[in-house]
K.L.:
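Quick one: the structure is below, and I'll ask about it shortly.
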Amino acid sequence: MRKILLIAAMSLCGMSAYSQTTVEPEFIGECMLLKPDQSTILLEKHMTQTRSAMNAGMVITGFGSVKSKLQIEGCCSATKLKSGDDIQFIVRAVDNNTDPMAIIKIFEFDSNKKFRRAEIASVNTFGTTKTNKLHYLNFTGKKYGQSSYLITLKDKLPGEYGITVTNPNSLDEKSAIIATFSIL
């Protein structure tokens with residue numbers, strides 16, 4: 001009964017009970033899954049490795065391409081989500097004054113038994129360079145709390161995914177930390 005009165009009082013004051021019941025992640029760049037019961041799970045975080053490799057044509061004939069990829073260890077994320085469910089995340093940023101599409105990236109990994117990789121750039125023999133080759137998921141974002149965003153996935157295709165958060169105020173991003181999840 002007291003909870004109902006509190007929610008009613010909050011709505012009269014223009015406050016959302018939804019945003020008051022769930023806390024923000026502790027650190028910038030952390031991501032939490034918001035479950036239907038409003039509880040949260042912190043997504044696992046990984047430091048990335050950058051891997052560059054030449055294709056066989058480049059090695060044998062001198063013609064071909066070199067690809068750079070982000071790589072993290074392990075085949076798959078421990079956080080498994082269903083494609084038919086509503087999928088929402090609370091993502092902590094420096095502040096929530098920037099358009100979330102500019103600083104939050106949700107992208108797909110290619111996965112095998114040992115690691116997950118995502119191609120970030122390629123260069124071929126003729127000088128053609130392609131960067132930002134990641135396959136991104138579409139989402140909507142709303143301000144949440146003091147410094148976070150509530151992210152709702154639009155695309156929910158099965159696969160392994162990562163979330164990165166960049167600092168728009170910093171020109172010196174050190175290494176990417178990626179929060180991961182799987183969609184079944």
Side-chain angles (χ1 to χ4, degrees), residues 22-56 58-59 64-94 100-123 130-141 144 147-167 170 172-184:
T22 305
V23 297
E24 295 179 65
E26 185 174 0
F27 300 111
I28 294 168
E30 285 188 331
C31 305
M32 297 186 332
L33 171 66
L34 181 61
K35 295 167 64 175
D37 67 359
Q38 304 305 301
S39 64
T40 59
I41 297 173
L42 186 64
L43 297 182
E44 59 190 306
K45 299 181 284 186
H46 301 273
M47 295 290 292
T48 60
Q49 301 169 352
T50 303
R51 182 178 187 277
S52 296
M54 291 182 228
N55 66 11
M58 181 71 125
V59 174
S65 63
V66 177
K67 296 179 181 183
S68 291
K69 297 182 178 191
L70 292 176
Q71 177 176 298
I72 58 177
E73 299 297 320
C75 69
C76 43
S77 174
T79 305
K80 311 279 188 213
L81 310 175
K82 295 179 183 172
S83 63
D85 293 346
D86 288 333
I87 300 174
Q88 293 186 307
F89 302 102
I90 301 169
V91 178
R92 177 90 182 250
V94 172
M101 296 290 286
I103 61 171
I104 297 170
K105 304 296 181 214
I106 305 174
F107 59 92
E108 186 174 18
F109 283 107
D110 293 325
S111 179
N112 68 29
K113 292 179 182 179
K114 294 183 181 180
F115 40 72
R116 289 164 271 176
R117 289 182 180 157
E119 186 175 330
I120 53 176
S122 66
V123 178
K130 294 180 183 176
T131 60
N132 205 8
K133 293 187 68 171
L134 299 172
H135 173 249
Y136 293 108
L137 293 185
N138 291 315
F139 64 85
T140 59
Y144 186 91
S147 302
S148 298
Y149 295 95
L150 178 64
I151 301 299
T152 303
L153 284 186
K154 289 182 178 180
D155 297 338
K156 297 181 272 186
L157 302 171
E160 293 293 324
Y161 296 95
I163 302 174
T164 59
V165 182
T166 56
N167 179 351
S170 175
D172 186 25
E173 292 290 328
K174 301 289 184 253
S175 63
I177 295 183
I178 299 177
T180 61
F181 65 97
S182 300
I183 298 178
L184 306 174

K.L.:
For a 4.5 angstrom cut-off between non-hydrogen side-chain atoms, does Thr79 reach Leu33?
P.N.:
yes

K.L.:
Under the ring pair (Phe, Tyr, Trp, His ring centres under 6.0 Å) test, which residues partner Phe181, sequence neighbours left out?
P.N.:
Phe89, Tyr161

K.L.:
Any idea which heavy atoms bring Ile177 and Thr164 closest together, and the distance?
P.N.:
O-CG2, 4.0 Å

K.L.:
Does any non-hydrogen side-chain atom of Leu150 lie less than 4.5 Å from one of Ile90?
P.N.:
yes

K.L.:
Measure across Ser147 and Val94 and return the closest heavy-atom pair with its distance rounded to 0.1 Å.
P.N.:
OG-O, 3.8 Å

K.L.:
Just wondering, do Leu43 and Thr180 contact through their side chains at under 4.5 Å, heavy atoms?
P.N.:
no

K.L.:
With heavy-atom distances below 4.5 Å as the criterion, would you say the side chains of Lys105 and Tyr136 are in contact?
P.N.:
yes

K.L.:
For Lys45, enumerate each residue passing the salt bridge (charged side-chain N to carboxylate O under 4.0 Å, His left out) test, keeping only those at least two apart in sequence or located in another chain.
P.N.:
Glu30

K.L.:
Please list, chain by chain and in numerical order, all residues satisfying ring pair (Phe, Tyr, Trp, His ring centres under 6.0 Å) with Phe107, sequence neighbours excluded.
P.N.:
Phe109

K.L.:
Name all residues meeting the side-chain hydrogen bond (donor to acceptor under 3.5 Å, both in side chains) criterion together with Thr152; count only those two or more places apart in sequence or in a different chain, and write none if there are none.
P.N.:
Gln88

K.L.:
Restricting to side-chain hydrogen bond (donor to acceptor under 3.5 Å, both in side chains), what partner residues turn up for Ser182, sequence neighbours left out?
P.N.:
Glu160

K.L.:
Just wondering, do Ser77 and Glu44 contact through their side chains at under 4.5 Å, heavy atoms?
P.N.:
yes

K.L.:
Taking Ser111 for the side chain and Cys75 for the main chain, is one N or O donor matched with an acceptor at less than 3.5 Å?
P.N.:
yes

K.L.:
Do any N or O atoms from the side chain of Arg116 and from the backbone of Glu73 form a donor-acceptor pair under 3.5 angstrom?
P.N.:
yes

K.L.:
For Lys154, enumerate each residue passing the side-chain contact (heavy atoms from CB on, under 4.5 Å) test, keeping only those at least two apart in sequence or located in another chain.
P.N.:
Asn138, Thr140

K.L.:
Does the side chain of Lys35 reach to within under 4.5 Å of the side chain of Ile41, using non-hydrogen atoms?
P.N.:
yes

K.L.:
Nearest heavy-atom pair of Lys82 and Ile87: which atoms, and what distance?
P.N.:
O-CD1, 3.9 Å

K.L.:
For Lys156 versus Asp85, what's the shortest heavy-atom pair and its separation?
P.N.:
NZ-O, 3.0 Å

K.L.:
Give the minimum heavy-atom separation between Lys69 and Glu119, together with the two atoms involved.
P.N.:
CG-CA, 3.7 Å

K.L.:
What pair of heavy atoms forms the shortest contact from Pro100 to Phe139, and how long is it?
P.N.:
O-CZ, 4.0 Å

